[in-house]
K.L.:
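There's a structure below that I have some questions on.
Here is the naming used below: chain letters follow the sequence lines, and residue numbers restart at 1 for every chain.
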Amino acid sequence: MKILVIEDEPALYESILDYFTGEGNICEHAVNFASASEKISLYNYDCILLDLGLPDGEGLELLTNLKNSKKKDGVLIISARHSLDDRLAGLDLGADDYLVKPFHLSELKARVSAIVRRKNFDGNNIITFNDINVDVVAMKTTVGKTEVGLTKKEFDLLVYFLSNRNKVVTKNAMAEHLWGDEMDLSDDFDFIYTHVKNLKKKLSEGGAKDYLRSVYGIGYKFSDQ
Amino acid sequence: MKLSTRYNRVNILTSIVVLIITGIIYYLFIHLILTNKLDKDLAVEENEIRQYTRTYKKLPLPATYLDQQVSYRRPKSNTDDIREFSYTTYLNPKENEQEPGRRLVTTVNLNDKTIIVTITKSRVESEDLVRIILLITLAVMIFLLITLLLINRFVLNRLWKPFYAILHHMKAFEVTKMEHIIEEPTRIDEFNELNKSVNAMAEKVRQDYKELKSFTDNASHEMMTPLAVINSKLDSLLQTESFTEQQGALLEDIYQATGRLSRLHQSLLLLAKIENNLISDTQEIDFKDMIELKTRQFQELFERDKLNVSLHLSSRKVNMSRYLADILLNNLFSNAVRHNIAGGKITVSLSADRLTVSNTGKTSHLQNRMFDRFSKSTESEGMGLGLAISKQICNLYGFDIEYSNSDGMHFFEIILN
């Protein structure tokens with residue numbers, strides 16, 4: 001997928017670009033309103049990551065311009081503004097999603113993947129990883145030809161892992177993804193272990209290889225290496 | 001007491017006192033004037049008798065007219081000349097009854113003899129006159145009082161109308177709505193000034209509100225950006241995957257700390273927002289539905305600690321922000337889980353007037369300051385802001401939140417009004 005990151009903080013966009021690059025993704029970035037405007041008008045992107053607080057302009061204006069020129073680019077707003085008004089204003093103007101800083105890169109990747117999947121809806125709503133096929137619309141998971149019955153949380157977890165394949169995903173990020181960041185969870189995320197264990201068990205019962213492994217107790221990595 | 005009531009009271013009381021005093025003075029003066037007039041008449045009569053006596057050297061006939069009697073008598077002994085006016089009553093022969101009168105006792109010289117002359121004039125007429133004047137005065141007084149009352153009631157009410165209209169606008173003023181207070185058309189200078197001042201104040205409040213909002217936005221932005229950088233760098237660092245178990249443990253600690261820092265920051269911003277009433281998505285929500293949803297969300301935590309959860313819910317609709325209601329329930333539920341014992345109990349009951357969350361707990365001593373910011377028990381892993389936020393949310397919507405404990409159970413009650 002082709003992604004444009006509009007963010008003025010170098011340390012942050014470097015990390016994002018770093019995380020997204022690879023697996024056939026093309027990532028570009030713009031650090032201000034002017035260059036972002038230019039890039040948006042010249043090219044088409046699958047998804048634009050838009051920071052609202054830019055040094056030389058209001059991010060929401062970019063969104064308005066984009067929608068006025070009838071472009072189909074997906075837009076995910078990343079903002080430090082945790083205000084409900086801004087969130088609603090962004091979504092009203094046609095943004096696809098809204099993510100508040102600070103966020104986990106894995107969460108960002110999962111959200112961007114979801115937006116891109118929705119944008120390319122023409123038959124491409126199936127995520128494939130080796131022998132695993134996940135239909136995100138019908139919420140069906142198959143390993144080879146065998147259907148695997150997953151609970152809602154296990155399914156969400158699997159989609160999350162597949163969006164972040166070959167990356168280490170922290171338990172913290174997983175918990176926030178599944179239960180929402182508003183929930184003041186305790187720092188002990190061991191209850192996630194139950195879901196991971198069940199997911200692992202069901203996938204291997206379906207005949208899949210053991211792709212999921214624990215990393216130093218911090219998190220998990222889904223890969224076939 | 002209303003201003004008009006108070007004003008009425010003072011006004012009418014002083015009016016009555018003044019009217020009574022003027023009435024008395026009026027009465028006394030008229031009385032004096034009429035008495036003077038009677039005395040003059042008596043003097044004229046006396047003069048006539050003297051002249052008659054001088055001219056004809058005899059006394060005129062003691063005549064009795066309608067309202068005048070003249071009588072003569074000789075003094076018992078030799079007396080000096082006397083001339084005395086006095087009040088008296090006399091028998092009116094026509095009416096055959098006692099009537100008030102004015103009497104002049106004087107002396108005339110007839111052939112070197114002194115004769116005492118008594119002239120009596122009826123006071124009935126003048127008394128009648130005084131009475132009529134008094135009645136008219138009374139009538140005027142009552143009429144004046146009634147007019148005053150009516151003026152106070154209707155005119156004052158109308159005069160104060162702009163004031164109450166302005167007051168109504170002020171009460172309805174909401175800073176978040178950014179509206180102007182409507183100018184109330186009035187020709188009264190004081191109200192015009194009030195109108196202007198209120199509008200100036202509202203303008204100032206709006207300005208301050210805007211500044212505060214942009215400050216919280218900026219503070220949030222400036223602090224969240226470095227945090228976002230730390231977080232993303234940690235995520236990137238984790239992907240390099242060439243570190244030892246020990247480094248992994250260190251990384252996890254940093255993750256926890258940044259997570260807590262961002263939650264802490266968000267909580268503080270949230271508190272500021274609630275205090276300044278910056279959250280405005282008020283809508284009708286059913287607490288029952290929200291509690292059931294929250295129970296499902298917390299299912300994993302309940303299972304982890306083997307908690308026995310029971311719900312006794314009846315539908316209760318509340319007008320509040322969904323966002324804040326969610327946070328309130330989150331805080332109550334996390335509290336009930338966090339301070340629970342393994343295999344303990346949580347009971348949530350919702351009725352028309354209150355929401356109660358009770359749980360078995362570790363410590364049973366009561367903390368008075370538990371609703372204060374950053375107050376928490378030593379073993380608590382929370383930040384000590386949850387209950388402060390809950391209390392603030394309750395304050396915002398006029399709910400009461402109370403804590404009590406008995407038999408090792410802790411109760412948090414929200415009284416919904």
K.L.:
What residue among A:Leu52, A:Val75, A:Leu50 forms side chain to side chain contact (heavy atoms under 4.5 Å, CB included) with A:Leu62?
P.N.:
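Among A:Leu52, A:Val75, A:Leu50, the one meeting side chain to side chain contact (heavy atoms under 4.5 Å, CB included) with A:Leu62 is A:Leu50.
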
K.L.:
Taking ring-ring contact (aromatic ring centres under 6.0 Å, His included) as the definition, give me every residue that meets it alongside B:Phe287, ordered by chain and number, with sequence neighbours left out.
P.N.:
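Partners of B:Phe287 under the ring-ring contact (aromatic ring centres under 6.0 Å, His included) test: none.
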
K.L.:
Name the option with the most non-hydrogen atom pairs under 4.5 Å to chain A; the candidates are B:Ser236, B:Ser267, B:Ser232.
P.N.:
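Result: the option with the highest number of such pairs is B:Ser232.
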
K.L.:
Test salt bridge (charged side-chain N to carboxylate O under 4.0 Å, His left out) on B:Arg296 and B:Glu292; report intermediate values, then the result.
P.N.:
CA-CA 6 Å; B:Arg296 282 197 293 278; B:Glu292 281 165 353; 5.5 Å; no

K.L.:
Which region of A:Tyr19, side chain (C-beta onward) or backbone (N, CA, C, O), has a non-hydrogen atom less than 4.5 Å from a non-hydrogen atom of chain B, or is it both or neither?
P.N.:
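For A:Tyr19, side-chain heavy atoms alone lie under 4.5 Å from chain B.
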
K.L.:
Which residues satisfy the side chain to side chain donor-acceptor pair (under 3.5 Å) test with B:Lys233, sequence neighbours excluded?
P.N.:
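For B:Lys233 the side chain to side chain donor-acceptor pair (under 3.5 Å) partners, ignoring immediate neighbours, are A:Ser15.
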
K.L.:
For the candidates B:Ala249, B:Ala228, B:Ser262, which exhibits the highest count of non-hydrogen atom pairs separated by less than 4.5 Å from chain A?
P.N.:
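It is B:Ala228.
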
K.L.:
Among A:Ile78, A:Val168, A:Leu12, who wins on heavy-atom pairs under 4.5 Å with chain B?
P.N.:
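Heavy-atom pairs under 4.5 Å are most numerous for A:Val168.
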
K.L.:
Pair A:Glu9, A:Lys101 - check salt bridge (charged side-chain N to carboxylate O under 4.0 Å, His left out), show working.
P.N.:
CA-CA 12 Å; A:Glu9 180 69 39; A:Lys101 288 181 189 174; over 6 Å; no

K.L.:
When only pairs under 4.5 Å are counted, which of A:Glu14, A:His104, A:Glu7 shares the most heavy-atom pairs with chain B?
P.N.:
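The candidate making the most pairs under 4.5 Å is A:His104.
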
